[in-house]
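Report on the structure given below.
Chain letters run A, B, ... following the sequence lines, proteins first and then strands; every chain starts at 1. Computed from heavy atoms alone, side chains included, the values below leave out hydrogens, waters and symmetry copies.
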2 protein chains.
Amino acid sequence: MNANRSSQYVAPHSGAQNNYIQRLKEAGYKITPARLAVLQVIENQLGHLNPAQVLQAAKALNPQIGRATVYRALELFTVLGLIRPISCGDGAPLYIRAEGGHHHLVCNSCNAIIDFDECVAEPLMQQLAERKGFQVQSHLLEIYGLCAACR
Amino acid sequence: MNANRSSQYVAPHSGAQNNYIQRLKEAGYKITPARLAVLQVIENQLGHLNPAQVLQAAKALNPQIGRATVYRALELFTVLGLIRPISCGDGAPLYIRAEGGHHHLVCNSCNAIIDFDECVAEPLMQQLAERKGFQVQSHLLEIYGLCAACR
DNA sequence: CTGATTGCAAAAATTTTGCAAGCCT
DNA sequence: AGGCTTGCAAAATTTTTGCAATCAG
């Protein structure tokens with residue numbers, strides 16, 4: 001499995017991280033070094049990683065963290081709606097932050113995932129969902145095709 | 001794992017199936033009973049299933065099919081762009097037809113997946129993708145939140 | 001015929017669990 | 001102090017592989 005796809009490094013941005021911690025506390029969970037490490041990995045680095053990548057990165061922050069703990073944290077955060085597993089070229093799970101929307105261009109050839117910020121569908125989406133009696137919390141828009149380099 | 005979510009049965013609709021077969025042939029692969037079974041499962045039934053579900057359903061059509069064959073077929077079809085793995089509540093892989101677009105409302109509470117047909121973003125999507133030099137082939141729009149029943 | 005494909009069973013890889021020790025509150 | 005969490009290692013699951021037999025073209 002490709003362990004480090006992107007090296008784009010986003011600055012810590014502690015605001016959102018504290019928000020996560022806040023939500024953990026509010027839900028009655030303890031703030032532990034292990035959870036903070038996983039949270040920090042998800043928060044700071046990249047856009048999407050699989051459990052193995054999270055474990056590796058978390059170990060850099062907290063060397064004695066175990067894989068089981070990472071899985072448990074990932075599951076907890078998913079249940080709390082902090083993160084979300086998404087698809088990827090192969091069947092391996094990939095986690096992203098759940099907040100707001102995510103918009104990716106996924107290359108069917110080189111499997112690259114290109115993020116883009118502009119949300120092209122927010123209003124329409126909102127309207128449609130409400131018509132179905134659905135309360136929208138976040139969304140994921142993935143567009144598959146060929147990236148400029150692979151055409 | 002919930003093995004049979006939907007029992008909605010769509011009539012064979014041989015046109016599209018033949019199209020799949022066509023594409024298999026064109027790519028130089030043999031048309032075998034095992035592949036036909038998997039193809040038929042994906043074609044006819046439901047909207048999304050995991051490998052175990054595909055295996056189970058394929059066995060109904062072809063009792064002696066083995067799991068390895070299902071995995072191999074799933075991988076082949078994915079590479080050929082016939083199907084695509086998507087996310088789901090837990091990390092388990094779920095396959096859908098790759099053609100065109102898919103639009104789901106995913107309930108964060110009961111994990112139900114509600115399909116909807118109207119594509120709310122096609123034009124915007126197209127435009128955006130082209131601006132990035134990306135050639136669009138298909139897309140997946142998942143909206144997460146709470147379904148009417150869970151609110 | 002001939003080589004791609006299959007099914008089985010074993011091997012790998014990934015996830016989950018059981019539990020005593022440790023840490024957060 | 002009390003109970004949620006952790007880390008380890010073992011168990012369970014899921015996915016991949018090796019290979020001889022079989023099948024499609």
Side-chain angles (χ1 to χ4, degrees), chain A residues 1-3 18 20-41 49-80 82-83 85 87-95, chain B residues 1-3 18 20-41 49-80 82-83 85 87-95:
Chain A
M1 199 137 297
N2 42 20
N18 284 325
Y20 279 177
I21 295 176
Q22 200 55 43
R23 292 172 68 178
L24 257 189
K25 278 185 184 166
E26 282 166 8
Y29 292 97
K30 293 182 176 174
I31 308 306
T32 67
R35 284 174 180 162
L36 283 176
V38 173
L39 228 33
Q40 198 167 129
V41 168
L49 10 71
N50 60 40
Q53 292 171 317
V54 174
L55 173 61
Q56 182 188 34
K59 269 192 167 158
L61 301 173
N62 182 348
Q64 33 86 270
I65 195 172
R67 28 195 166 298
T69 301
V70 169
Y71 279 100
R72 284 186 283 231
L74 251 18
E75 194 207 333
L76 174 63
F77 299 161
T78 299
V79 169
L80 291 181
L82 273 36
I83 61 177
S87 65
C88 60
D90 42 59
L94 228 51
Y95 288 86
Chain B
M1 200 137 296
N2 41 21
N18 284 325
Y20 279 178
I21 295 176
Q22 201 54 45
R23 290 171 70 178
L24 258 188
K25 278 185 184 165
E26 281 167 8
Y29 293 97
K30 293 182 177 173
I31 309 305
T32 67
R35 283 174 180 162
L36 283 177
V38 173
L39 228 33
Q40 199 168 130
V41 168
L49 10 72
N50 60 41
Q53 292 172 316
V54 174
L55 173 61
Q56 182 189 34
K59 269 191 168 157
L61 301 173
N62 182 347
Q64 33 86 270
I65 195 172
R67 25 196 168 299
T69 301
V70 169
Y71 278 101
R72 285 185 282 229
L74 251 19
E75 194 207 334
L76 174 63
F77 300 161
T78 299
V79 169
L80 290 181
L82 272 36
I83 61 177
S87 65
C88 61
D90 42 58
L94 228 50
Y95 287 85

Whole-Å distance separating the [atom1] atom of [X] from the [atom2] atom of [N]:
X       : N      : atom1 : atom2 : value
B/Leu76 : C/dT6  : CG    : P     : 9 Å
B/Lys59 : C/dG7  : NZ    : C1'   : 10 Å
A/Leu94 : C/dT15 : CG    : P     : 11 Å
A/Asn50 : D/dT15 : CG    : P     : 15 Å
A/Glu75 : C/dT16 : CD    : P     : 7 Å
B/Leu55 : D/dT16 : CG    : P     : 14 Å
A/Tyr71 : D/dT6  : OH    : C1'   : 17 Å

Search all heavy atoms of [X] against all heavy atoms of [Y] and return the closest pair with its distance.
X       : Y       : value
A/Ile83 : A/Leu74 : CD1-O, 3.5 Å
A/Thr78 : A/Pro85 : CG2-CD, 4.0 Å
A/Lys59 : A/Ile65 : CE-O, 3.4 Å
B/Ala27 : B/Leu80 : CB-CD2, 3.8 Å
A/Asn50 : A/Pro93 : CB-O, 3.1 Å

Donor-acceptor pair, distance only, cut-off 3.5 Å: does the side chain of B/Glu75 make one with the backbone of B/Arg72?
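A pair under 3.5 Å: no.
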Exam field: side chain B/Arg35 to backbone B/Lys30, donor-acceptor pair closer than 3.5 Å:
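Yes: the side chain of B/Arg35 pairs with the backbone of B/Lys30.
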Taking atom CG of A/Leu49 and atom CG of A/Leu94, what is their separation to the nearest 0.5 Å?
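Those atoms lie 7.0 Å apart.
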Any protein N or O atoms within reach of nucleotides 21-25 of chain C? Criterion: under 3.5 Å, listing atom names and distances.
unit_1, atom_1, unit_2, atom_2, d
C/dC24, O3', A/Ile31, O, 3.4
C/dC24, O2, A/Lys30, NZ, 3.2
C/dT25, OP1, A/Ile31, N, 3.4

Could I get a table of every N or O pair under 3.5 Å where one atom is in the protein and the other is in nucleotides 7-13 of chain D?
unit_1, atom_1, unit_2, atom_2, d
D/dG7, OP1, A/Gln64, O, 3.2
D/dG7, OP1, A/Gln64, OE1, 3.3
D/dG7, OP2, A/Gly66, N, 3.3
D/dG7, OP2, A/Thr69, OG1, 2.5
D/dG7, O5', A/Gln64, O, 3.2
D/dG7, N7, A/Arg72, NH2, 2.6
D/dG7, O6, A/Arg72, NH1, 3.4
D/dG7, O6, A/Arg72, NH2, 3.1

